[in-house]
Structure formats: C-alpha cells, structure tokens
Amino acid sequence: MLDYPALAAVASVVREGSFERAAERLGVTPSAVSQRIRALEERLGSIVIVRGQPCLPTELGRKLCAHVDMVQLLEADLAPALSFADPGRISPTSVTAGLATHQSDRRLPLDGS
C-alpha cells in the first residue's frame, strides 16, 4: 500500500515549489515533510522530488501526483454515496497535486452512459 500522507507531501511540494511552503499548507514542519518524502523515496528505491528552487518532480514523482489526483477524483465521486461523508471534507489525505494529465482529467460515469 502507498503511504498517502507521504503522497500528500510530495504533491504539496510539487504544487508549492518548496518544502517550507508545502509544510505551511499541510500544517506540519518542513522537517516532517522532508521525512515523509525521504521515507517514501527509500521505500520506493527512487527519488521523487528534485530538490532545488523550485523543487520539481521526477517522472515517478509526476506519476505519483497524477495518482493522488485520480484518488481525489474517485473519493469525490464516491462521497455522495457514503452516508457518513462530510461534503466539506472528503478525507484527511485529499489534496490537489496541480499536475493534471489527460488521464486524470477523464471521469467515467458510474451509470455506464
């Protein structure tokens, strides 16, 4: 399974361009963002963020951000069917990565039409 808090950190760094601004957006310290991303990179055996000004995603980082976007869209589609869902908050890990791709922009209707 993927670590969604770490994916949220990756997406936020990519969107914001820095660990500091991503930390502010996520409400954690820059060290926490760095630790989450480093742990994810170690687990995957690959770098996902090129550190610099601005921080940029690697190809794998872009794919992870697109995945986060797709998960967010799926959660938003599912939320109305969940009786306990709070419409203002889909899940604690929902983020917008800001790297829409043609695949993540597509939504398929649930009714098959």
Side-chain angles (χ1 to χ4, degrees):
M1 291 299 276
L2 293 171
D3 177 353
Y4 282 88
L7 292 180
V10 170
S12 189
V13 168
V14 169
R15 183 181 56 248
E16 299 296 330
S18 77
F19 282 70
E20 292 77 16
R21 287 193 305 270
E24 288 175 20
R25 181 137 179 116
L26 293 171
V28 298
T29 65
S31 177
V33 171
S34 180
Q35 289 172 14
R36 289 176 188 177
I37 292 173
R38 186 173 312 279
L40 180 65
E41 289 174 333
E42 287 177 8
R43 183 169 177 227
L44 297 175
S46 185
I47 300 297
V48 298
I49 297 287
V50 177
R51 279 77 170 166
Q53 291 299 326
C55 293
L56 298 171
T58 63
E59 182 61 29
L60 178 57
R62 277 190 285 279
K63 289 179 181 181
L64 292 172
C65 288
H67 173 77
V68 169
D69 281 345
M70 286 188 267
V71 168
Q72 183 182 19
L73 290 173
L74 290 169
E75 287 178 349
D77 285 343
L78 183 60
L82 302 175
S83 61
F84 61 87
D86 175 358
R89 183 174 173 181
I90 301 301
S91 81
T93 58
S94 292
V95 295
T96 302
L99 289 178
T101 65
H102 68 283
Q103 291 175 333
S104 65
D105 289 339
R106 280 190 243 159
R107 286 182 146 186
L108 300 177
L110 295 176
D111 63 1
S113 57

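From Phe19, atom CZ reaches atom CD1 of Ile49 across 6.0 Å, with rounding to the nearest 0.5 Å. Interatomic distance, CG of Asp69 versus CG of Leu7, reported as 11.0 Å (0.5 Å rounding).
Scored by the side-chain contact (heavy atoms from CB on, under 4.5 Å) test, Thr29 finds Ser31, Ala32 as partners (sequence neighbours excluded). Remark: Ile47 pairs with Glu41, Arg51, Thr58 by the side-chain contact (heavy atoms from CB on, under 4.5 Å) rule, at least two apart or across chains.
Residues Ala8 and Leu26 approach most closely at O-CD1, 4.2 Å, considering heavy atoms. In this structure, Val13 and Cys55 approach most closely via the heavy-atom pair CG1-CB, 3.6 Å. When all heavy atoms of Cys65 and Val14 are compared, the pair lying nearest together is SG-CG2, 3.9 Å. Here the closest non-hydrogen pair linking Ala76 and Pro80 is O-CD, 3.3 Å.
Residues Leu64 and Leu40 are in side-chain contact: their nearest non-hydrogen atoms beyond the backbone lie under 4.5 Å apart. Side-chain contact between Arg38 and Gln35 is absent, with no heavy-atom pair separated by less than 4.5 Å.
With Arg36 contributing its side chain and Ala9 its backbone, the two residues share no donor-acceptor pair below 3.5 Å.
Side-chain heavy atoms closer than 4.5 Å link hydrophobic residues (I, L, V, M, F, W, Y) into clusters, and following such links, possibly through other members, connects Val33 to Leu44. In the hydrophobic cluster analysis, where Ile, Leu, Val, Met, Phe, Trp and Tyr join through side-chain heavy atoms closer than 4.5 angstrom, Val10 is grouped together with Leu2.
At a threshold of 4.0 Å, the pair Glu24-Arg21 does not count as salt-bridged, since none of the basic side-chain nitrogens sits closer than that to a carboxylate oxygen.
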